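So the structure is just underneath, and the comments pick up after that.
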Amino acid sequence: MDYKKLIAELIDINGVSKDELYELITLSKDANNGDYALPCFKFAKTMRKSPALIAQELKNSVRQDDNIKIVEAVNGYLNFTIDKVAFAKRTLDEVLREGDSYGASDEGNGKTVCIDYSSVNIAKPFHIGHLLNTSIGASLYRTFNKLGYKTVGINHLGDWGTQFGKLISAYKRWGDKEDIEKRGVDGLLEIYVKFHEEAEKDESLNDEARRYFKNIEDGDEEALELFRWFKEITMKEVMKVYDRLHVSFDSYNGEAFYNDKMAPVLDELEEKGLLVLSEGAKVVKFDGDEMPPCLLVRQDGATLYATRDMAAAFYRKRNYDFYKSLYVVAYQQNLHFRQVFKVVEMMGYDWAKDMVHVAHGMVSLEEGAMSSRHGKVVFVKDVLDTAVKKALKVIEEKNPNLEGKEDIAEKVGVGAVVFAMLASGRIKDIVFDYDKVLAFEGETAPYVQYTYARCCSLIEKASIGDNVDYSALDDPSAHEIVKLISRLKDSYREAVRRYEPSVMVRHVIDLSKAFNKFYFESRIIGAEEGVKNARLLLVKATKQVIKNELELLGIECPEHM
RNA sequence: GCACUCUUAGCUCAACUGGAUAGAGCAUUCGGCUACGGACCGAAAGGUUAGGGGUUCGAAUCCCUUAGGGUGCACCA
C-alpha cells in the first residue's frame, strides 16, 4: 500500500493536482516528525500566506482515514503518523507470503538491459581493480533482473592487440610450456614483465612483437594456436574467481570477436561523410571544440579500441535490441565513451541516448597506481584467500564447535571483500588496504551476516503460534524495522535508477542496525505468547529481507557463523 | 593548457537529488552479559560541508569563482 498516494488523496488544495502533491510528500527523516510529511513552503507564494499558517489550515481540512493516526502542523510541515500496527501486519504478511521474491517486480518486463562489465584482459592478472568493476556490474545485473528486466551480462574480453604479439615473442624466447601450464597467468605475467624490461634495452623486440601480432591477424596457425592457449589458461583461472564471486556471463564476446565486424560501421561512417582524413588517420570530428576527434583508423590502416567499441555497440543493438546498454568501466575511459556515444548519435541513431557509461573510481595501492607491466598488482585470489583465512581464525576463536567451518569462512571472507567494494558510492577511488577489506566489525558484511545468523538462531529455537498480537510492534524500534523492510523495493529501484549498488548496502546495514537495537531492547523468546509471536514474525521477515538484498549484492548468508 | 571528476568529524563514508537540529562506522574515552549468539548494544567527544560569491522562503546538494587531489586529451587498450 502506498501511503503517499493515500495522503495525497486526503488533501485538497486549489490548483494543486494529486500528482503534484504525491511528488511533494516525503518520508520524515526523524521519527519525532511522524512518518510522512508535506512541506508547505511551495504554496506560500501563490496562497500569499506563511507556510506555518498553510500547514495549520490544511491540518484542519485533511480528511480522516483509519491508516493515518496523527496529523500535525510543525514549522511549515504537515506531518503524518501512520497506524503502525496495521502497517506492521500488512508488511509482515507481504514479506512472509512472497519470501524470496519479496522486493521483486515485473516493471522491467519486455525490456533488455545489456551490461558490459568485468571485461578481463587475457594473459593479465585478475586484480582488485577488476574486482571493484565485477562487483558493481554483477550487482546491477542481478538487481535489474530482479525488477523484471531481461539482462545480458557481457564480458568484453581484452583479447586483441599488440600485447599478444609481445607475449608470443616473450614465450618463444623465455617461455617454458610446462611451467606455464603449472603456474598459469603468473607464468605468463612473468615473461610479459621480462619482455618489457628487455624491450627497453632492445627496441627491435617491439618490432618482432608487432610482426607476431600481424601473424595472428593474418590467421597464421602457429600464432593462433598460442593465442588460443594463452586465452584458455587465463580463462581457467578467471573462472575460478568468478565461481567464488557467484558471477557468470551470457556472452564472452570480446575484442577479437568484433574483428570482422568493423568494416560495415566504417563504410557507413564514410557514406554519411563523418569519417575524415586527418594526418593520415581516419577520424570523426566533433562540432566546435567539444571533444578531441575520435580516431578510428590508424595511418597504417589498423583499427583501434574505439572502432571495436563502435562495432560492439551496433552488434548489441541489433542482437539484443536493448532498452539500455551499460558500460561498467572506470572513469579513466570517460572521454572514450563520450566520443563513441556521440559518434553513434551523429550517425543518426536515437538509441545513442540509451548507452550509459557507468563510471566507477580507480583502485590504487598505498605506494601508487597498480601496473601489470611492473608486476605491481594485488590479485583478487590473494585477497579472497587472506579474507577467508581471517574468517576461519575468527570462527576458531568465537565458535570453535561450528559445523562446516571452511564453507562458512569462505562465505564470510568473500562477503567481507565484496561488501567493501560495494559499500561506498561507485565513483569513489579506493586505496586498497587489507585492514579495511578485512574488517569484520561495524558496517561490514560479517556484521550483516551475524545479524542474519541471530535471526536464524531465534527462528530455530522457537515456534511461531497463531496467536499474534501485532500491537506489540507499536514501539519505535520495531517500527523502524518494519519501515526498512517495507522499503526493500525502493532500495532496488534507486540502485537501478542510479546504477548504484551502494544504495542497497546502505539499506541492508540500516536494517541490521535497527534489528540489533531491537534485539537488545526486546525480549523475544519468553515474552507473552501473542507478543512473542509478533516479534518472531518480525525476526523472520528481517531474516528474509537481509537474505534477499545480500543476494543481489553477491553475498551469501550462512545460517550459523 | 583544455576537458571530466572529486573535496562533508582525526580516518573511511551517508544524507531519500533543494527541505526540519548534516548522520553512521572506525579510532579515542566511558558504560552494558544470572536474558534469546558480545562479529553485539548504549553514551560522550568530534563540523565555518575546502575558501569566496550568487540563485532560493530554504543550499552539503543548483550556478559562478579560487585552491587542492585524481583521470584523460591522435595512431595502446
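First the proteins, then the strands, lettered A, B, ... as listed; each starts at 1. The structure presented is a predicted model; accordingly, all values stated were derived computationally and were not measured.
A:Arg338 comes within 4.0 angstrom of the backbone, heavy atoms only, and of no base. At a threshold of 4.0 angstrom between heavy atoms, the contacts of A:Ser522 include nucleobase atoms, whether or not backbone atoms are also involved. Counting non-hydrogen atoms under 4.0 angstrom, A:Ala44 reaches nothing in the nucleic acid. At the heavy-atom level, A:Glu279 lies under 4.0 Å from base atoms of the strands shown. Using a 4.0 Å heavy-atom distance criterion, A:Lys45 is classed as a sugar-phosphate-only contact. Within the nucleic acid shown, A:Ala37 comes within 4.0 Å of at least one base atom, counting heavy atoms only. Across all strands, A:Leu304 comes closer than 4.0 Å only to sugar-phosphate atoms, never to a base (heavy-atom distances). Residue contacts for A:Arg506: at a heavy-atom cut-off of 4.0 Å it reaches the sugar-phosphate backbone alone, with no base atom in range. A:Gly280 comes within 4.0 angstrom of nothing in the nucleic acid, heavy atoms only. Counting any heavy atom pair closer than 4.0 Å across all strands shown, A:Lys398 reaches a base atom. Among the atoms of the strands shown, base atoms are found under 4.0 Å from some heavy atom of A:Pro293. Counting non-hydrogen atoms under 4.0 angstrom, A:Tyr447 reaches the backbone sugars and phosphates but no base. A:Ser364 comes within 4.0 angstrom of no nucleic acid atom, judged by non-hydrogen atoms across all strands. Residue contacts shown for A:Met561 include a base, since a base heavy atom lies under 4.0 Å away.
Look at the C1' atom in both B:A74 and B:A60: the space between them is 40 Å, to the nearest Å. Nucleotides B:G68 and B:G51 have their C1' atoms positioned 11 Å apart, rounded to a whole Å. Taking atom P on both B:A39 and B:C63, the two are 47 Å apart, rounded to the nearest angstrom. B:C41 and B:A24 have their C1' atoms separated by 15 Å, given to the nearest Å. Straight-line distance between the C1' atoms of B:U55 and B:G72: roughly 32 Å, to the nearest whole Å. Here the separation of B:U29 from B:A3, taken at their P atoms, is 49 Å to the nearest Å. Taking the C1' atom of each, B:G18 and B:U56 are spaced 9 Å apart, rounded to whole Å. Comparing B:G58 with B:A9, their C1' atoms are spaced 25 Å from each other, to the whole Å.
One interatomic measurement links the two molecules: CZ of A:Phe419 to P of B:G25, which rounds to 13 Å at whole-angstrom precision. The separation between A:Gln333 atom CD and B:C76 atom P is 15 Å, rounded to whole Å. Summarising the geometry, the separation between CD1 on A:Ile524 and P on B:A35 is reported as 15 Å, rounded to the nearest angstrom. As rounded to whole Å, 11 Å separates atom P of B:C6 from atom CZ of A:Arg426. One atom, CZ of A:Phe440, and another, P of B:C40, lie 12 Å apart when rounded to the nearest Å. For A:Lys513 and B:G23, the NZ to P distance is 13 Å, given to the nearest whole Å. Atom CD of A:Glu290 and atom C1' of B:C4 are 13 Å apart (whole Å). A:Phe432 has its CZ atom 21 Å from the P atom of B:G70, to the nearest Å.
Candidate nucleotides B:C36, B:C13, B:C40 were compared by shortest atom distance to the side chain of A:Ser424, and B:C13 ranks first. Side chain of A:Ser278, nearest nucleotide from B:A74, B:A20, B:C57: B:A74. The side chain of A:Met362 lies closest to B:U71 when the candidates are B:C40, B:G25, B:U71. Listed nucleotides: B:C73, B:G42, B:A39. Nearest to the side chain of A:Leu335: B:C73. Taking the side chain of A:Asn334 as heavy atoms from C-beta on, and the options B:U17, B:C36, B:C4, the nearest nucleotide is B:C4. In this structure, of B:U5, B:C41, B:C36, it is B:U5 that holds the atom nearest to the side chain of A:Ile427. Of the listed nucleotides (B:A39, B:C57, B:G70), B:C57 has the atom at the smallest distance from the side chain of A:Lys42. Side-chain atoms of A:Ser28 lie closest to B:A20 of the nucleotides B:A77, B:A20, B:A35. Nearest to the side chain of A:Arg498, among B:C41, B:G37, B:A15, sits B:A15.
With A:Tyr212 as the aromatic partner, A:Lys214 does not meet the cation-pi criteria of under 6.0 angstrom to the ring centre and within 45 degrees of the ring axis. In this structure, A:Lys390 satisfies the cation-pi test against A:Phe440, with its NZ or CZ atom closer than 6.0 Å to the six-membered ring centre and inside 45 degrees of the ring normal.
For B:U17, neither phosphate oxygen OP1 nor OP2 lies less than 4.0 angstrom from any side-chain nitrogen or oxygen of A:Arg497. Between A:Lys461 and B:G37 there is a side-chain polar atom (N or O) within less than 4.0 angstrom of OP1 or OP2. Side-chain N/O atoms of A:Ser457 include one lying less than 4.0 angstrom from OP1 or OP2 on B:G37. Side-chain nitrogen and oxygen atoms of A:Gln332 include at least one within less than 4.0 Å of the OP1 or OP2 phosphate oxygen of B:G72. At least one side-chain nitrogen or oxygen of A:Lys29 sits closer than 4.0 Å to the OP1 or OP2 atom of B:A20. A:Tyr450 has a side-chain polar atom (N or O) that falls below the 4.0 Å cut-off from OP1 or OP2 of B:A39. When the side-chain nitrogen and oxygen atoms of A:Lys428 are compared with OP1 and OP2 of B:A14, one or more of them lie within a distance under 4.0 Å.
Between A:Glu396 and A:Lys405, at least one side-chain N (NZ, or NE/NH1/NH2) sits under 4.0 Å from a carboxylate O, which counts as a salt bridge. Ion pairing between a basic and an acidic side chain is recognised when a charged N comes within 4.0 Å of a carboxylate O; A:Glu528 and A:Lys532 show no such pairing. Under a 4.0 Å N-O distance rule, the pair A:Lys166/A:Glu208 does not qualify as a salt bridge.
With a cut-off of 3.5 Å on both pairing distances, the Watson-Crick or G-U wobble partner of B:G1 is B:C73. A 3.5 Å limit on both hydrogen-bonding distances identifies no Watson-Crick or G-U partner for B:A27.
No N or O donor and acceptor, one from the side chain of A:Thr162 and one from the base of B:A77, sit under 3.5 Å apart. Residue-to-nucleotide contacts include a donor-acceptor pair under 3.5 Å from the side chain of A:Asn79 to the base of B:A20.
Side-chain contact check for A:Glu559 versus A:Tyr452: some heavy-atom pair is nearer than 4.5 Å. Under the 4.5 Å side-chain criterion, counting only non-hydrogen atoms from C-beta, A:Phe432 is in contact with A:Val383.
Considering all non-hydrogen atoms of both residues, A:Gly413 and A:Ala387 come closest at O-CB, 3.5 Å.
Comparing A:Ile509 and A:Ala302 by the nucleotide of RNA chain B that holds the closest heavy atom to each, the one mapping nearer the 5' end is A:Ile509. Residue whose closest nucleotide on RNA chain B sits further toward the 5' end, between A:Glu443 and A:Ile430: A:Ile430.
In this pair, A:Tyr192 and A:His196 present their aromatic rings perpendicular. The plane angle is above 60°, beyond the 30 to 60° band.
In this structure, a donor-acceptor pair under 3.5 Å is present between the side chains of A:Glu460 and A:His560.
An anti base is found at B:U55: its glycosidic angle is more than 90° from 0.
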